[in-house]
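Shown next, in C-alpha cells, is the structure this report addresses.
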2 protein chains.
Amino acid sequence: MTSSRNVVSQLRKLISDGLYQPGERIGEVQVAEQLGVSRTPVRLAFRTLEQEGLLERAGKRGFQVREFTETDVRCAVEVRGVLEGLAARRLAEQGIASELDAELAFWIQKGRELLAKGYLVEADIEGWSELNRHFHEAIVKAAGSPVIGDAIARNNHLPFAAADSIIIDRQALEQEYRKLHQAQLQHELVVQALRQGEGARAEMLMREHAFIGLRYAELLG
Amino acid sequence: MTSSRNVVSQLRKLISDGLYQPGERIGEVQVAEQLGVSRTPVRLAFRTLEQEGLLERAGKRGFQVREFTETDVRCAVEVRGVLEGLAARRLAEQGIASELDAELAFWIQKGRELLAKGYLVEADIEGWSELNRHFHEAIVKAAGSPVIGDAIARNNHLPFAAADSIIIDRQALEQEYRKLHQAQLQHELVVQALRQGEGARAEMLMREHAFIGLRYAELLG
DNA sequence: GCTCTTTACTTTGGATCCAAAACAACCCTC
DNA sequence: GAGGGTTGTTTTGGATCCAAAGTAAAGAGC
C-alpha cells in the first residue's frame, strides 16, 4: 500500500510536470525502472490513473498520457462549477449547521486578513490556496452525500480543474490581488446565500465562481 | 486484457446482484477462486472498482463493498442531472449539427413508435432502455469534450445512477407507460430547446428529466 | 521494386512465490 | 481476572516468471 499509493502520486506528479508528454506512450517497465519498483505496483497505478482520466488506453496495448484541449479545460472547470453549485444548493436547501457556519466564517475571516494589507506577497499565494481549498471542501463535505464529493474529487484529478489550481501569475501580483479580492467577495456572497437558504442563488454564485481562474484575468488586468 | 476487463464487469455484476453485500469485506483470494482466475487480475479490478466508487478501502487492509443511502441515490441522480444539463446547455449554445439533429430525431421517432400503441409490453422495456441510452449518449457525446462524458460515465458506474437504470415495475406496466410517456415528452422538449439554441431551457429540462426515475412514480400512479 | 508473409523481438497480462503487515488468539505476568 | 506482550495465521503487497498478443523488421515471392 505504501509504495502503491506513492507510485500513483509520483506518476501524477511526473505527468503534470510534463516529464511524460501528452499523447506519449507510457510503458510499464520504463516507469518501473524510473521509480525503482517492480512492474506490479506500476500496473496497479495505471488502472487508477486510467480511471482518474490522466491515462487512456493506447490502441490495443498499453496506455498513453491523455492530452487536453482548451475546450477540455473549460469543460472541466464548468463541471466543477455545476457540481459545487449542486452542493451549495443542497446545502442552502437543507440549512447549514452552526458548526459549519462557524467554519465558513473562519475561512472568510482568513481571506479578509490575507487581503487586508491591500497587496499580495509571494507567501500569500500558498495561504490563499490553503483557505480556498478548505472553504470549498467544507461546503462539498456538508452537502450531505459523499457522491457529490467523489464526483468533484474525480474531476479535480485533472490537474487544471481543481479549485486550488487557480493560476497565479507571480509576475503580476497586482492583478492577482484584484482576482483574489473578487474571489473573496464571491466566497462571502456564497456564505450569505447559504445562510439565507437561497439555494438557486448559492448555486449560481458557485457556478460563476468556478470561472474565476479561467476568464477573469483579462477583465481585472 | 480480456480477462482483466471481464473481471471488472463480472465483479460489478456480482456486487449489484447483491452477492456481495454492502459493507461486506471482499477478499482477493475469495473473488479469484469464484471467478476462476488468479489474484492478479482481481487486484487490478479492485483498483478500478475503487475509483468507480463501488468499493472502498476497509480500514488498513483490503476493500469492502460500499453501501449507499437513500440520500446517496438521490445525489447521484442529481449529479447526473446537472452534468447532462451542462452538456445540453453547451450543445444548445454551440448549435447542433444536422447530423446530430437527425440522430436525435431518429430516437425521438423510435420513442413515439414504441408508445404509439398506448400500452407497454414486457419487450418494450428493453427497447426503451436502448433508445433512452442512445438519446442521452448522443447529447453528451456532442457536447464537445470528453471531460463531461467521463464525469457522467463515472457517475453512472453507481448502478442506480445511470439514465437507463430507470426502475421499471413490470407489475405495473400501466403506470410505467405514463412514466415513459412523460420521459418521451421531456426528450422532445429537450430537442426543441436544443434546436432553438435555448441553453438555459435545455439545461433545466435535462436536470428535471433526471428525476423521472426517482420521484415521478407517486404522481403518475 | 513492392507487397505479403513469416519471424523475431518487445511489451503486456496472468500466475506464482516470497515477504511484510495486520489481525487474532493465546499465554504469561502482574 | 485483566492487561499486555508474543506468537501464529491470514491476507495483502511486491517481485519474478511464463505465456500470449502485438509490433516491427527482414526476407521471399511476384
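Below, each value reflects all heavy atoms present in this structure, side chains not excepted, and no hydrogens, waters or symmetry copies. Below, read A as the first sequence line, B as the second, and so on, with proteins coming before strands; counting in each chain starts at 1. Everything numeric here is computed off the predicted structure, so don't read it as measured data.
To the nearest angstrom, P of D:dT10 lies 13 Å from CD of B:E33. Per the geometry, CG belonging to B:L35 stands 11 Å off P belonging to C:dA15, to the nearest Å. Whole-Å rounding puts the B:Q64 CD to C:dA22 P distance at 17 Å. With rounding to whole Å, B:N6 atom CG is found 9 Å from C:dG14 atom P. Rounded to whole Å, the distance from CZ on A:R39 to P on D:dG14 is 14 Å. Rounded to whole Å, atom P of C:dT12 lies 10 Å from atom CZ of A:R47. The nearest whole Å value for the distance from the CD atom in B:Q30 to the P atom in D:dT12 is 9 Å. Whole-Å rounding puts the A:F63 CZ to D:dG22 P distance at 15 Å.
Side chain of B:E24 to main chain of B:Q21: a donor-acceptor pair is present (N/O by atom type, distance under 3.5 Å, no hydrogens or angles).
Between A:R61 and A:R25 there is a side-chain heavy-atom pair separated by less than 4.5 Å.
Candidate nucleotides C:dG13, D:dG13, C:dG14 were compared by shortest atom distance to the side chain of B:S38, and C:dG14 ranks first. Comparing C:dA22, D:dT12, C:dT12 by their nearest atom to the side chain of B:K60 picks out C:dA22. In this structure, of D:dG13, C:dG13, C:dA15, it is C:dA15 that holds the atom nearest to the side chain of B:P41. Taking only side-chain atoms of B:R61, from C-beta outward, the nucleotide of C:dT16, C:dA21, D:dA15 with the closest atom is C:dA21.
Between B:G27 and A:G36, the residue anchored closer to the 5' end of DNA chain D is B:G27, taking for each the nucleotide with the nearest heavy atom.
Checked against the 6.0 Å centroid threshold, B:W128 and B:H187 count as a close aromatic pair.
With no hydrogens or angles considered, no side-chain donor-acceptor pair links A:N132 and A:S129 at under 3.5 Å. For the 3.5 Å distance criterion, the side chains of B:E56 and B:Q64 qualify, holding a donor opposite an acceptor.
Checked by distance alone, A:R43 brings no side-chain donor or acceptor within 3.5 Å of a matching partner on the base of D:dG14.
B:R25 has no side-chain polar atom (N or O) that falls below the 4.0 Å cut-off from OP1 or OP2 of C:dC23.
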